Amino acid sequence: MMSPLLEIDNLGVTFSTRRGLVEALRGVSLSLQPGEMLGLVGESGSGKSVTGFAVTGLLDKAGRITAGRVKFKGQDITRASGAELRNLHGANMAMIFQNPRAALNPIRAVGAQISDAILSHRRLSKQEARSEALKLLHAVQIRDPERRLDAYPHELSGGMCQRVMIAIAISCNPSLLIADEPTTGLDVTTQKVVMDLLARVVAERGMTTILITHDLGLAAHYCRRVVVMEQGRLVEEGAPQTLFRAPQHAYTKRLVASSPTATSRVGDLVPADQAPSVVEVKERPTPAPGTPPLLDVQHIVKRFDDGAAAVADFSMTMTAGESVGLVGESGSGKSTTARMICRLIDPSEGDILFDGYSIAKLPARDFHRSSLRKEIQIVFQDPHESLNPRFTAFDCIAHPLLRLAGLRPGDALRSRVEECADRVGLPRELLSRFPHQLSGGQKARIGIARAIACRPRLLVLDEPTAALDVSVQAVVLQLLDRLRREDNLAFLFVSHDLNVVRMMCSRTIVLRAGGIVEQGESLALFTNPQTDYTRELIEAIPHIGSPASLLPA
Amino acid sequence: MGTISATLIRAGRRFLSSLPALFGVLVFTFLLMRVLPGDPAVFFASGPSAGKEEIEIVRKQLGLDRSLPEQLGIYLYDVGRGNLGRSMMTGQPVARDLRQRLPASLELTLTALVIALIAAVPLGVLAALRPNSLIDHGVRLFCSLGVCVPTFVSGLLLIYVFYYLLGLAPDPTGRIDIFASVPPARTGFLMVDFLLAGDFEGWWAAARQLMLPALTMALFVIAPLARITRASMLVSLGSDFVRTARSIGLSRWQIVVTYALRNAMLPVITIAGIVFSTMLGANVLVEKVFSWPGVASYALDALLVSDYAPVQGFVLLMASIFVVVNLLVDVLYGIADPRATVA
C-alpha cells in the first residue's frame with residue numbers, strides 16, 4: 001500500500017457565531033490514497049463542506065481548527081502560514097465550488113482567469129499562459145474555445161462556467177482536487193456531462209479527488225469509497241454498493257431510505273416509526289360524465305418582449321384530485337407555464353378554463369380580486385425567500401384567510417390557523433416565531449399551510465422541495481401526498497427531479513424549449529419513454545444501486 | 001467593439017430621456033425665482049431714493065411688467081437660442097459670466113475629487129481588509145470628523161495652520177496672485193493654460209493656490225467615498241470568486257486589487273459621480289472662504305440681489321452638468337462592468 005496522499009486525524013473545527021461557538025467538525029479522521037475518488041455525503045450542516053475547506057485552509061475567518069491534524073504528502077499543513085498555503089493552493093490542491101457562476105470573477109474574461117491561475121505558479125509569458133488556457137478549455141470540452149477565452153462568466157451557461165472552473169482547478173496539475181457540490185443547481189443532463197468530464201479529467205491526470213455531495217446516487221456512481229457524515233462526525237464508511245445496500249448506522253439507513261429512487265414510493269421514504277399517522281382516505285368517486293375538467297389549458301403561449309417564445313402552444317387538462325408533473329430542464333418553460341396557470345403572469349395567447357370558467361382574460365394584476373384566487377394556490381420553491389421575514393408563522397398562514405376567505409382577526413381565525421398548522425404537522429408553539437427562527441422543513445410546512453389555508457382545489461407546486469435536504473424532502477412529500485388525498489386536491493407539480501415527480505404524480509408532462517415533448521401516465525413514461533429526450537433525462541439520473549438495496553431491513 | 005457601441009447607444013438613450021427633466025428644471029427655477037420675495041426693479045433702479053416712475057421704467061426694461069406666461073415664453077425662446085440673459089450685477093451676458101467662472105469651479109472640484117479618491121479608496125480598502133481593527137476605527141474616526149466639521153471651519157483651520165502659522169501656503173485669495181501674469185486663456189483651466197504657455201513657475205503658483213481649497217473640499221467628501229469603498233470591498237472580499245482566487249493560490253495583491261477591488265469599484269464610480277455633482281454646486285462656502293471666483297459664489301451673489309438671470313442660468317448649468325456626469329458614470333460603468341451592457 002502506498003503512503004496516503006492526505007491524512008486527516010481527529011480534526012475538529014469550531015465556528016464563532018453570534019450565538020456562541022458552534023462545533024462544525026468533531027473528530028473527523030480520514031485518509032486518502034493517491035488516485036482515489038472519495039465521496040463525502042451528508043445533509044446540510046453535516047460538516048462535509050467544512051472538511052473540504054479545513055483541508056485547503058480556506059475556512060472563513062470565523063472558523064478555527066481546534067483539534068487534530070491534516071497531513072498532506074506527509075507534511076503537516078494544519079496551521080500552514082499564508083505563504084505555504086499559497087504554494088499549496090492551485091499547484092498541489094484545488095477546489096471546485098457549487099454555484100460556478102458566482103465562483104468566477106464576473107468582470108474578468110474567463111481566459112484571463114485561467115491564465116491568472118497558471119501564472120501564479122509557473123514562470124510563463126502571458127502569451128504562453130493564454131495558449132495554455134486555450135488547451136485547458138479544449139480539455140474541458142468547451143465548444144469554440146478560441147472565442148470563449150474572451151467571454152465573461154455571464155455569457156456562459158452554468159454548465160459551461162463549471163467547466164471553466166474545472167479548467168482553472170486543474171491548470172497547475174494539483175494532486176488533490178476537492179469538488180464541493182460541483183453539479184448542484186445544474187440540470188440533470190448537464191450534471192451527467194460535467195461529472196463524466198470531471199471523472200475523466202482526474203483519471204487521466206491521476207488526481208486524487210474528494211467529491212462532496214448531498215446526492216447519494218452521484219457519490220455511488222462516481223466513487224469507489226463513500227463516507228457518510230452527520231453533525232460533524234463520520235458515521236459510516238465503505239464501498240457505495242455495500243454501504244447503500246446494507247447501511248449499518250441509523251443515520252445512513254434514514255438517508256438511504258429518504259433518497260428517492262426509480263422505484264421508491266412516497267410511503268417508503270420515511271421509516272414507519274417516524275411517518276405521520278396515516279389517515280384513512282376513501283377514494284373519491286369519479287365525477288359524472290359531462291362535468292368540465294377542473295383545469296383546461298388551451299394552447300397558451302408566452303412571448304417575451306423580444307418576441308422569443310418561452311412557452312409555445314401548451315395544452316393540458318386536469319380533473320379534480322389528479323396530480324400532474326411538469327418536468328424539464330432549466331429554460332424549458334415549466335415555471336413560466338406554472339405561473340401562467342396560477343395566474344401570476346399573463347399568457348400572450350390561448351385560454352385557461354378553471355371549472356369551466358375562463359380565467360386567462362383577467363389580468364394577472366387583478367386576479368387576486370377574483371373569487372377563484374383562493375381555489376388556485378401556490379407553494380413556492382424557496383421556503384425561506386417566499387415568507388415575509390416580518391410576519392410570524394401565524395401571520396403567514398392567516399394572511400390568505402384574511403385577504404381571500406374574508407375572516408376577521410379573532411377566535412375563528414385563530415382556530416383556522418391552528419387547524420392548518422396541525423394538518424401540516426407544525427407544532428402550535430412555533431406559530432409565534434419568525435421565519436429566521438425556524439428550520440427549512442418548518443418553513444416549508446408554513447408555505448404549505450398558507451397554500452391550503454383557503455381550501456383550494458388546485459395547488460401549483462413550483463419545485464417545493466428543491467431547497468430541502470432529502471430527509472426533510474421525504475417528510476414534506478409524504479405530507480403533500482396525504483393532504484392531496486384528504487382534500488381531493490389537484491396538484492400541478494413542477495420539478496426537475498424526475499424521481500420525485502414519478503412518485504408524486506400519476507401523469508407527467510415533459511417540456512423542452514417551451515414545447516411538450518412527451519406526456520402520459522408516469523409509470524409508463526418513466527419505464528418506457530417514447531422520445532430520445534425523455535430517455536436521456538431518465539438515464540442521466542445517477543442511481544444508488546439496484547432496487548433491492550433501497551429498503552432497509 | 002460591440003460592448004463600446006452598446007454602451008454609447010445606452011448613454012445616448014439616457015441622454016434623450018433626461019431632456020424632459022432638464023426642461024422641468026428650467027420651468028421650475030423660473031417660477032421659483034418669480035415666487036421668491038424681492039423686486040429686482042427696485043433693487044436695480046438707481047438707488048434707494050429712486051421714484052416710482054424710475055422703478056416702472058426699469059421694470060419695463062426688464063420685461064417684468066408682462067404676464068408670467070409671457071415672460072416664461074420669452075425666457076424659453078431665449079434659452080433655446082443660447083441666450084441666458086444679462087446679469088444686472090455685472091452687466092455682462094450670463095453665458096459669458098458662467099463661461100469665465102465655470103473652469104475655476106471645475107478645476108477646484110475635479111482636483112478635490114481626485115484628492116478625495118486617492119485618499120478614500122486606500123483608506124476604505126485598508127479598513128475592509130481588517131474590519132473592526134484599529135485601522136478600521138481610525139478610518140471611521142477620520143471620516144466622521146471630515147463630515148462633522150463644516151467646510152468653512154476646516155477651510156479656516158487649514159488657512160490658519162498652513163498660511164498663518166507655517167507660511168507654506170500663499171494668501172487664500174482667488175486662483176492666482178493678483179500681481180502674477182495670467183496666461184492666455186485657452187481652456188480657462190489655469191493649470192492647463194499655464195502648461196500650454198510653458199510657464200511652469202506660474203503653474204506651480206496656481207497649483208499652490210489651488211491646494212488649500214481643494215483639500216478643504218476633499219476632506220468633506222472623503223467620508224462617503226471611503227465608507228462605500230469599505231462596504232463594497234467587504235462584500236467583494238466575502239464573495240465566492242475571491243474564495244476561488246484564494247483556492248488557486250493567487251498572490252495577495254492580485255486577490256485584493258484585481259479580483260476584489262475592481263469589482264468593488266463599481267458602486268464607488270456611482271457615488272463619485274453623485275459626489276462630484278453635489279460638490280460643484282454646494283462648494284459655495286469654500287469658494288467664499290478662499291475668494292474663489294467660481295460659479296456657485298456668483299449664483300449666491302446674484303440670488304442675494306434678486307438678479308434672476310444668473311441664478312436661472314446657474315441652475316440650468318448645474319442640471320446639465322448633472323446629466324453629463326451621469327452619462328459619464330454610465331459610460332464608465334459600461335466599460336468597467338461587462339454585464340452592464342446586457343441589462
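Throughout, protein chains are lettered first and strands after them, A, B, ... in sequence-line order, and every chain is numbered starting at 1. Heavy-atom basis, side chains included; hydrogens, waters and symmetry copies ignored. The structure presented is a predicted model; accordingly, all values stated were derived computationally and were not measured.
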Region of L104(A) that comes under 4.5 Å of a non-hydrogen atom in chain B: backbone

For a 4.5 angstrom cut-off between non-hydrogen side-chain atoms, does D180(A) reach M95(A)? yes

Decide whether N105(A) and Y152(A) meet the rule of one side-chain donor and one side-chain acceptor closer than 3.5 Å. no

For K48(A), is there an ion pair with E181(A) - N to carboxylate O distance below 4.0 angstrom? yes

Residue part contacting chain A, namely of A336(B), when any heavy atom lies under 4.5 Å: backbone

As an exercise, state the distance from CZ of R339(B) to CG of D337(B), rounded to the nearest 0.5 Å. 4.0 Å

When rounded to the nearest 0.5 Å, the distance separating CE of M211(B) from OG1 of T111(B) is 6.5 Å

What's the spacing between K135(A) NZ and E132(A) CD if we round to 0.5 Å? 4.5 Å

Residue by residue, scan residues 235-245 of chain B and write down, ordered by number, those that have a heavy-atom distance under 4.5 Å to chain A; if none do, write 'none'. D240(B), F241(B), R243(B), T244(B)

Inter-chain contacts: residues 315-325 of chain B against chain A, heavy atoms under 4.5 Å: none

Quick note, side-chain hydrogen bond (donor to acceptor under 3.5 Å, both in side chains) partners involving residues 93-104 of chain A, not counting sequence neighbours, are none

If the threshold is 4.0 Å, N to carboxylate O, is there a salt bridge linking R148(A) and E155(A)? no

Give, as side chain, backbone, both or neither, the part of M165(A) having an atom under 4.5 angstrom from any heavy atom of chain B. side chain

Between R130(B) and D136(B), is there a salt bridge with N-O shorter than 4.0 Å? no

Are the side chains of F72(A) and L88(A) in contact, using a 4.5 Å heavy-atom criterion? yes

Could you list the donor-acceptor pairs under 3.5 angstrom formed by side chains in residues 171-178 of chain A, with sequence neighbours left out?
from, atom 1, to, atom 2, distance (Å)
S171(A), OG, I168(A), O, 2.7
S175(A), OG, K73(A), NZ, 3.3
S175(A), OG, N92(A), O, 3.4

